[in-house]
There are 2 protein chains.
Amino acid sequence: MNLDGYDRRILEALQEDGRLSNQDLADRIGLSPSPCLRRVRRLEEAGLIGAYRAVLNARALGLNLMAFIQISMDRHTPERFENFERHVGDYPEVLECHLITGQSADYLLKVIVADMDGFQALLLNKITRIDGVTGVHSSFVMKSPVSKTSLPLLSSQNA
Amino acid sequence: MNLDGYDRRILEALQEDGRLSNQDLADRIGLSPSPCLRRVRRLEEAGLIGAYRAVLNARALGLNLMAFIQISMDRHTPERFENFERHVGDYPEVLECHLITGQSADYLLKVIVADMDGFQALLLNKITRIDGVTGVHSSFVMKSPVSKTSLPLLSSQNA
DNA sequence: ATATTTAATGGCATATTATGCCTTTAATAT
DNA sequence: ATATTAAAGGCATAATATGCCATTAAATAT
C-alpha cells in the first residue's frame with residue numbers, strides 16, 4: 001500500500017490521540033472531513049491501523065513490578081515451542097513474549113505484576129512449570145524513561 | 001482511587017477497543033449512557049486512563065526488524081544516566097528504554113527499524129556514540145507470539 | 001427500624017459528530 | 001485540447017455525546 005503525506009499525518013495523529021474526532025483530525029491534516037474519513041477507513045481496512053486502545057496507568061492499578069524474563073528451553077522442537085507460547089499467551093501478566101536470537105536465551109518475556117509476591121507466583125507456579133523450560137533469568141525494571149507506543153513513520157518512501 | 005465492577009469493565013472494554021462509542025460501552029457494561037460517560041471521564045481525570053492510541057502494524061509500515069539491546073555503562077553517575085536517557089528518548093526507533101537490575105546490563109532497549117541497515121545505523125551512529133556506553137549486546141526478534149497492550153485488571157481488591 | 005443525607009443513576013433536550021451521496025476539482029493519458 | 005480517472009468538498013441525515021434535572025438507591029445516624 002502506498003502512503004502519501006496525508007496518510008502519514010493521519011497515522012501520526014492517531015498514534016498520539018486515538019480518539020481524535022474525524023473533524024479535528026481533518027482540520028489538523030488539512031483536508032475536509034469526508035476525504036479524511038475515507039482515508040482513515042482505508043487505513044483500517046488495509047490493516048495499517050490494527051486497533052485502537054486505551055492505555056492504562058499500571059501504577060494506578062497497583063501493578064508496581066515490571067520484569068523481563070529470559071527463558072531457555074531444553075529442546076528446540078516445534079512442540080516444545082508451541083506449547084510454551086500457548087501457555088504464556090494465557091497468562092495475563094505476560095504482556096510480551098518474543099522468540100529471540102542469542103546464545104543465552106530462546107525467549108524474552110515482559111511481565112507485569114503487583115509486587116514480588118505476584119512475581120514469585122508467576123514464576124514458580126506458572127512459567128517454570130511449562131514443559132521444557134530449563135533456564136530462567138529475571139531482570140527487574142527500576143525505571144522506564146522511554147515507553148512509546150508510536151512507531152517511527154519513515155518519512156522517506158513515496159510522495 | 002476505588003474501582004468497582006463497572007469501572008473495571010469499562011477499563012477492560014476500552015483496553016480492547018479504545019474507540020467504543022459511549023453508547024455501546026454503556027450497553028456492554030450494563031449502565032445507561034450518562035453514568036457511563038461520567039465514569040469514563042472520572043477514570044481519565046484520575047489518570048487511570050492515560051491515553052488513547054491507534055496501534056499500527058509495524059510490518060505494513062516496512063518496519064521488519066525488532067531488537068532488544070542490552071547496554072552497559074562505564075560509570076553509574078546521574079549525569080551519565082540522564083544524558084543517556086535524554087538521547088535515546090530522542091530516537092524514534094527506540095520504543096522502550098528500561099533501567100534494569102542484573103549483572104550484565106544497566107539498560108534494556110526495545111527498538112524497531114526497517115532492516116539490518118537501519119539497525120546498523122542506529123547502533124553505530126547513535127547508540128554507541130552516547131557517552132559512557134561500553135557494552136552492547138543485541139538480540140533480534142524472530143517472532144512475537146504474545147504482544148498485548150492490555151494490563152491485567154486484578155479482579156481482586158474492592159467491591 | 002425509620003428518617004435523613006448523600007451519591008449515583010436514568011431520561012431528555014441540545015449540540016456535536018459521523019456518514020453516505022452527489023458535485024466539483026485535479027491529475028493523467030491520448 | 002479532450003476524455004478518463006481518482007480524489008476532494010459540500011450537504012443532508014443519522015448517530016452520538018453532553019449537560020441538566022428528576023428519581024432512585026445506598027449509606028448513615030438517630
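A, B, ... follow the sequence lines: proteins, then strands. Residue 1 opens every chain. Everything quoted here is computed from the prediction, not taken from an experiment.
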Exercise. B/Q23 has an atom CD; how far is it from atom P of C/dA18, in whole Å?
Worked result: 14 Å
Throw together a table of side-chain donor-acceptor distances under 3.5 angstrom for residues 18-26 of chain A, partners on residues two or more places apart or in other chains.
residue	atom	partner	partner atom	Å
A/R19	NH1	B/G18	O	3.2
A/R19	NH1	B/L20	O	3.3
A/R19	NH2	B/L20	O	2.8
A/S21	OG	A/D24	N	3.1
A/N22	OD1	A/L37	N	3.4
A/N22	ND2	A/P33	O	3.1

Exercise. Where each residue is assigned the nucleotide of DNA chain C containing its nearest heavy atom, which of B/R39 and A/R38 is assigned the position nearer the 5′ end?
Worked result: B/R39
Exercise. Which of these nucleotides, C/dG10, D/dC11, D/dA17, is closest to any side-chain atom of A/S34?
Worked result: D/dC11
Exercise. Are any of the side-chain nitrogens in A/K126 or A/D90 under 4.0 Å away from the carboxylate oxygens of its partner?
Worked result: no
Exercise. Quick one: on DNA chain D, does B/P33 or A/G30 contact a more 5' nucleotide (nearest heavy atom)?
Worked result: A/G30
Exercise. Rounding to a whole Å, what distance do you find between B/L31:CG and D/dA25:P?
Worked result: 14 Å
Problem set entry | d(CG, A/N22; P, D/dG9) in whole Å | 12 Å
Exercise. What nucleic acid atoms does A/S21 come within less than 4.0 Å of, heavy atoms only: base, sugar-phosphate, or nothing?
Worked result: sugar-phosphate
Exercise. Does a salt bridge link B/E44 with B/R41, judged by any charged N lying under 4.0 Å from a carboxylate O?
Worked result: yes
For this session: Quickly work out the B/D4 CG to C/dA7 P distance and round it to whole Å.
Result: 15 Å
Exercise. Counting side-chain heavy atoms from CB outward, which of C/dC12, C/dG20, D/dA17 is closest to B/L37?
Worked result: D/dA17
Seminar exercise, completed: Here the distance between atom C1' of D/dA17 and atom CG of B/L20, to the nearest Å, is 14 Å
Exercise. How would you label the contact of B/R42 with the nucleic acid (heavy atoms, under 4.0 Å): base, sugar-phosphate, or nothing?
Worked result: nothing
Problem set entry | Nucleotide D/dA26, atom P - distance to OH of B/Y6 in whole Å | 10 Å
For this session: Give the rounded distance in Å between these two atoms: CG of A/N2 and P of D/dA6.
Result: 14 Å
Exercise. What integer distance in Å separates B/R41:CZ from D/dT16:P?
Worked result: 16 Å
Problem set entry | Candidates D/dA8, C/dT9, C/dT17 - which lies nearest the side chain of B/P35 | C/dT9
For this session: Look at the aromatic rings of B/Y107 and B/F84 and report parallel, tilted or perpendicular, splitting at 30° and 60°.
Result: parallel
Exercise. Is it the case that A/S144 and B/E96 place a side-chain donor and acceptor less than 3.5 Å from each other?
Worked result: no
